[in-house]
Amino acid sequence: SGSGASFHFDDPTGRSESVEMYIDGDQAVSRSPNVEFLRTTIDRTGEPHLTLIAGTSSAVLIVDDVVVAALNRLPTTEITLSSVGPQVEFRDVGAGTAPSLGECAA
């Protein structure tokens, strides 16, 4: 186990199960308590730049401009962020409108 960050997705209405996306060391994972959806190895040289883009029906985790995990979600889902491991520092954490995706349409 290394260090990283975990995004938890919980639906307070109970209509969907809790899921998470996280990075720990050189691994990026998306999972529920019962199923691991995807595990991939990521190239981590130095401090990674993490971006979470959450729409009304899905969310993607981006590490250094590469999509490493994705999940379906309901609009009622609440998202929390926590550290993984002992040496994690969060900087420039914020929320806002998703960036323009050029020719992609919503």
Side-chain angles (χ1 to χ4, degrees):
S1 181
S3 64
S6 177
F7 293 91
H8 301 269
F9 298 79
D10 296 302
D11 183 8
T13 68
R15 295 186 331 189
S16 68
E17 68 179 334
S18 295
V19 293
E20 79 173 313
M21 290 189 289
Y22 69 89
I23 63 166
D24 185 8
D26 68 348
Q27 298 291 300
V29 178
S30 58
R31 69 178 183 178
S32 74
N34 301 310
V35 176
E36 186 171 282
F37 306 123
L38 175 68
R39 176 179 296 268
T40 188
T41 301
I42 56 176
D43 182 21
R44 282 189 61 182
T45 54
E47 295 181 17
H49 180 259
L50 305 180
T51 303
L52 177 74
I53 299 177
T56 56
S57 62
S58 62
V60 296
L61 178 59
I62 301 167
V63 177
D64 298 327
D65 298 325
V66 176
V67 174
V68 297
L71 293 170
N72 290 328
R73 65 179 291 265
L74 294 175
T76 53
T77 302
E78 296 175 351
I79 304 169
T80 57
L81 170 63
S82 63
S83 64
V84 175
Q87 298 179 353
V88 175
E89 178 183 338
F90 296 119
R91 291 187 304 252
D92 301 322
V93 176
T97 304
S100 172
L101 299 176
E103 296 180 19
C104 296

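FYI, the numbering just counts along the sequence from 1. Remember, it's a predicted structure, so these values are computed and weren't measured experimentally.
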Which value, rounded to the nearest 0.5 Å, describes the distance between [X] atom [atom1] and [Y] atom [atom2]?
{"X": "I23", "Y": "L61", "atom1": "CD1", "atom2": "CG", "answer": "7.0 Å"}
{"X": "I62", "Y": "I53", "atom1": "CD1", "atom2": "CD1", "answer": "4.0 Å"}
{"X": "M21", "Y": "L50", "atom1": "CE", "atom2": "CG", "answer": "10.5 Å"}
{"X": "S30", "Y": "E36", "atom1": "OG", "atom2": "CD", "answer": "7.5 Å"}
{"X": "E20", "Y": "F9", "atom1": "CD", "atom2": "CZ", "answer": "9.5 Å"}

Which residues satisfy the side chain to side chain contact (heavy atoms under 4.5 Å, CB included) test with [X], sequence neighbours excluded?
{"X": "S57", "value": "none"}
{"X": "E78", "value": "P12"}
{"X": "D65", "value": "none"}

Under the side chain to side chain donor-acceptor pair (under 3.5 Å) test, residues paired with T56 that sit two or more places apart:
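Result, side chain to side chain donor-acceptor pair (under 3.5 Å) vs T56: none returned.
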According to side chain to side chain donor-acceptor pair (under 3.5 Å), who are the partners of T41, at least two apart in sequence or on a separate chain?
Q27
Can you list, by chain and residue number, the hydrophobic cluster partners of V29 when the side-chain cut-off is 4.5 Å?
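V29 shares its hydrophobic cluster with Y22.
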Using the rule that Ile, Leu, Val, Met, Phe, Trp and Tyr join whenever any side-chain heavy atoms are under 4.5 Å apart, tell me whether L38 and I42 fall into a single cluster.
no
Would you list the atom pairs, donor with acceptor, under 3.5 Å between side chains in residues 66-77 and any protein atom, with sequence neighbours excluded?
{"residue": "R73", "atom": "NH1", "partner": "G55", "partner atom": "O", "Å": "2.2"}
{"residue": "R73", "atom": "NH2", "partner": "T77", "partner atom": "O", "Å": "3.0"}
{"residue": "T76", "atom": "OG1", "partner": "D11", "partner atom": "OD1", "Å": "2.8"}
{"residue": "T77", "atom": "OG1", "partner": "L74", "partner atom": "N", "Å": "3.2"}
{"residue": "T77", "atom": "OG1", "partner": "L74", "partner atom": "O", "Å": "2.9"}

